[in-house]
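See below for the structure under consideration.
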Amino acid sequence: VCTYNILIDRLCKVEKLNEAIEVFDSMVDRGIEPELHTYNSLLAGLYKANRSSDAIKLFKSLRHGNLQPDVVTYNVMISGYFKHGEIEKATELLREMNSEGLKPDKFTYTTLIHFVSQARDLKAAQEVFEAIDKSGPSPDILQCITLMDCLIKNGKLEEARKLFDDIPGKGLVPDVVTYNTMLDVLCKNKKLSEAKEWLIGMEAKGCSPNAFSFNTVILGLLCGNEVEDAVRLLQTMLERDFSPN
RNA sequence: CCAUUUGACCA
């Protein structure tokens, strides 16, 4: 069974979905019970291939079987619905998961914030965030980032900065992505020199920049006509085996 | 010490 799970998962990742399904079927034919992981992998694969109807079918067959969907299963389904704009279905699933006594976890929350931020519903995003802040376990760093991103996209750059300053106060440590998000803020704000300082500063704090960091700053420099610096950064980037974009 | 599944940042 382990072998099958790995196989199916790998096939999904390589986007050889049909083969994954074949393997899945042959598993069933042999009387091997797929476990929840198997379903979850397959569901995620189906959504990546935009085959939501198949995913829904699979989800239903799972529930009619003797397996209980777990939080992961719901998360996959919910984000899948969101991606296809089926908001009502997604919220319906949320309710359902509550009634089954399953608690939304940080993945669920991040998905929620992400979605409302895409809908440019800043208020809703902040509400979700505050709800998490109060009720649940301390907000995940990803939730802060997602909210920051939402603020940026709505032009509230200063608030995004403020949120960043709050992060250490919540007992969270800014990670690479947090820095990347801030770099993005600074570039969009035309604070290029600050962005460059941050790029150096984050490294000094033991947080090595990744390809995203470089891409963000290089792009910012180019927009600000600081081509020379951009080129210099590009070279640094190549020295570190990052591929430019 | 290690099998597999879901969320975030540039483009």
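We name chains A, B, ... by the order of the sequence lines, and we start the count at 1 in each one.
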| said: Angle between ring planes, A:Phe214 versus A:Phe242, binned at 30° and 60°: parallel, tilted or perpendicular? | reply: tilted

| Over how many whole Å does the gap from A:Leu199 atom CG to B:C10 atom P extend? | 16 Å

| query | In terms of side-chain heavy atoms, does A:Asn210 have a donor or acceptor partner in A:Asn180 at a distance below 3.5 Å? | reply | yes

| note | Side-chain contact check for A:Val177: nearest option of B:A8, B:U6, B:C10 is B:A8

| query | So what does A:Thr181 touch, heavy atoms closer than 4.0 Å: a base, only the sugar-phosphate, or nothing? | reply | sugar-phosphate

| query | Salt bridge between A:Lys57 and A:Asp54, side-chain N to carboxylate O under 4.0 Å? | reply | yes

| query | Hey, does the side chain of A:Lys13 come within less than 4.0 Å of B:U5's phosphate (OP1/OP2), counting only N and O? | reply | yes

| message | How many whole angstroms separate atom NZ of A:Lys16 from atom C1' of B:U4? | response | 20 Å

| remark: When rounded to whole Å, the CG to C1' distance for the pair A:Asn210 and B:A11 reads 13 Å

| request: Establish, with yes or no, whether the OP1 or OP2 oxygen of B:U6 is under 4.0 angstrom from a side-chain nitrogen or oxygen of A:Lys83. | output: no

| field | Donor-acceptor pair, side chain of A:Asp105 and main chain of A:Thr108, under 3.5 angstrom | value | yes

| request: Round to a whole Å and report the spacing from CD1 of A:Ile152 to P of B:C10. | output: 8 Å

| task | Let me know the distance between CD1 of A:Ile167 and P of B:A8, rounded to the nearest Å. | result | 17 Å

| query | Looking for any heavy atom pair under 4.0 Å, which part of the strands does A:Asn40 touch: base, sugar-phosphate only, or nothing? | reply | base

| task | Figure out the CE/C1' separation between A:Met97 and B:U6, and round it to whole Å. | result | 11 Å

| message | Tell me the interatomic distance from A:Leu221, atom CG, to B:A11, atom P, rounded to whole angstroms. | response | 14 Å

| field | Nearest-neighbour nucleotide for the A:His114 side chain, B:U5, B:C10, B:A8 considered | value | B:A8

| query | Looking only at atom types and distance, does a side-chain atom of A:Asn154 sit under 3.5 Å from a main-chain N or O of A:Cys150, one as donor and one as acceptor? | reply | yes

| said: Salt bridge or not between A:Glu194 and A:Arg161? Use side-chain N to carboxylate O under 4.0 Å. | reply: yes

| query | Quick one: is A:Lys48 getting a side-chain N or O under 4.0 Å of the B:U5 phosphate, OP1 or OP2? | reply | no

| request: Taking atom types as modelled, find out whether A:Thr181 and A:Asp149 have a side-chain donor-acceptor pair closer than 3.5 angstrom. | output: no

| query | Do A:Thr111 and B:G7 have a side chain to base donor-acceptor pair shorter than 3.5 Å? | reply | no

Can you check nucleotides 1-3 of chain B for protein contacts, nitrogen or oxygen pairs under 3.5 Å, and list what you find?
none

| What integer distance in Å separates A:Asp105:CG from B:U6:P? | 13 Å

| Short N-O contact, A:Lys188 and A:Asp184, less than 4.0 angstrom | yes

| query | If you check the A:Ile145 side chain, which of B:U5, B:A8, B:G7 turns out closest? | reply | B:A8

| Nearest of B:U5, B:A11, B:U6 to any side-chain atom of A:Ser79? | B:U6

